[in-house]
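Quick note: numbers below take in every heavy atom, side chains included, and nothing from hydrogens, waters or symmetry partners. Within every chain, numbering begins at 1; the chains are lettered A, B, ... in the order of the sequence lines, protein sequences first and strands thereafter.
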Amino acid sequence: MNIFRLAGDMTHLMSVIVLLLKIHTIKSCAGISLKTQELYALVFATRYLDIFTDFISLYNTIMKLIFLASSFSIVWYMRQHKIVRRSYDKDQDTFRHLFLILPCLLLALFINEKFTFKEVMWTFSLFLEAVAILPQLVLLQRTRNIDNLTGQYVFLLGAYRALYILNWIYRYFTEPHYVHWITWISGLVQTLLYADFFYYYFNSWKNNVKLQLPA
Amino acid sequence: TGQPSAHDEL
C-alpha cells in the first residue's frame with residue numbers, strides 16, 4: 001500500500017462520512033441524488049463479491065464492509081427515513097438508472113480480463129462507478145445552489161479519484177506486471193467527469209464565495 | 001501471492 005492509495009481511500013471514506021453526517025445530523029438529503037447513491041450501492045455490491053472468498057488483508061475487508069454498509073444505509077435513509085426522505089428532490093432527480101447500468105453491463109460482458117461471473121461483475125462495477133456520479137452532477141446543475149456539505153462531498157469523491165490515478169502511476173513504476181487498462185481508462189473517465197465541477201469549486205473557494213454553478 | 005493486481009484495491 002502506498003501513500004496515494006491510502007490517501008485515496010481516506011478521502012473516499014471521508015466523502016461517505018460527510019454525507020452520512022449531513023443526513024444524520026441535519027436530517028436532510030437536499031441536493032443529494034438518490035440515483036447516484038443507489039448506483040454506488042450496486043457498484044460496491046458487485047465489486048465486493050470476493051469479500052468472503054478472497055482474503056486480502058484485514059484493512060481491505062473492513063473497508064469493504066464500511067463501504068457496503070454506508071452506501072446501503074444512505075439509500076435506506078433517503079428512501080425510508082420518515083424525516084430525511086421528505087427533503088429528497090425527487091422531481092429534480094430524474095436520471096434513469098438503466099441508461100447507465102445496461103451499457104456498463106454490455107461493455108463488461110465484452111471487455112474484461114477473464115470471462116467469469118465474478119470478473120465480469122468486477123469489471124461492470126468499475127464501468128458503473130465511472131459514470132455513477134452523473135445523476136448527482138445533473139442534480140447539482142439543476143439546483144445550482146449547493147450547500148457546503150454537498151460541495152465537500154463531491155469534492156472529496158473527486159479527490160479520491162485523482163489520488164487513485166497517482167496510486168496507479170506509482171504502482172506501475174514500482175511493481176512488475178502491474179498493467180490494468182480497464183481500471184485505468186474507466187478511472188480516468190470518472191476523474192474527468194469531475195473536472196468541470198472542480199473548476200467551479202476552486203473558483204468559489206479562491207474568491208471565498210458560495211459555490212454556485214452556472215445555468 | 002500471484003501478480004500484483006488491481007483486485008486488491010477498493
Heavy-atom count check: over 12 atoms from other residues, nucleotides or ligands less than 6.0 Å from [X] [atom1]?
{"X": "A:F95", "atom1": "CZ", "result": "yes"}
{"X": "A:L192", "atom1": "CG", "result": "yes"}
{"X": "A:W205", "atom1": "CH2", "result": "no"}
{"X": "A:Y199", "atom1": "OH", "result": "no"}
{"X": "A:F198", "atom1": "CZ", "result": "yes"}

To the nearest 0.5 Å, what is the distance between CZ (A:R171) and OG (B:S5)?
7.5 Å

At a 4.5 Å cut-off on heavy atoms, which part of A:F55 comes close to chain B: side chain, backbone, both, or neither?
neither

Contact origin within A:W184 toward chain B - heavy atom pairs under 4.5 Å
neither

Any donor-acceptor pair under 3.5 Å from B:D8 side chain to A:I56 backbone:
no

Side-chain touch A:Y164/B:L10, heavy atoms, less than 4.5 angstrom:
yes

Determine which residues belonging to residues 96-104 of chain A lie within contact range of chain B, meaning some heavy atom pair is under 4.5 Å apart, and list them by number or answer 'none'.
none

Picking from A:M1, A:H180, A:R5, A:R47, what satisfies side chain to side chain contact (heavy atoms under 4.5 Å, CB included) with B:E9?
A:R5

Shorter than 4.5 Å, heavy atoms on both sides: which option in A:N60, A:T183, A:D54, A:D50 has the most such pairs with chain B?
A:N60

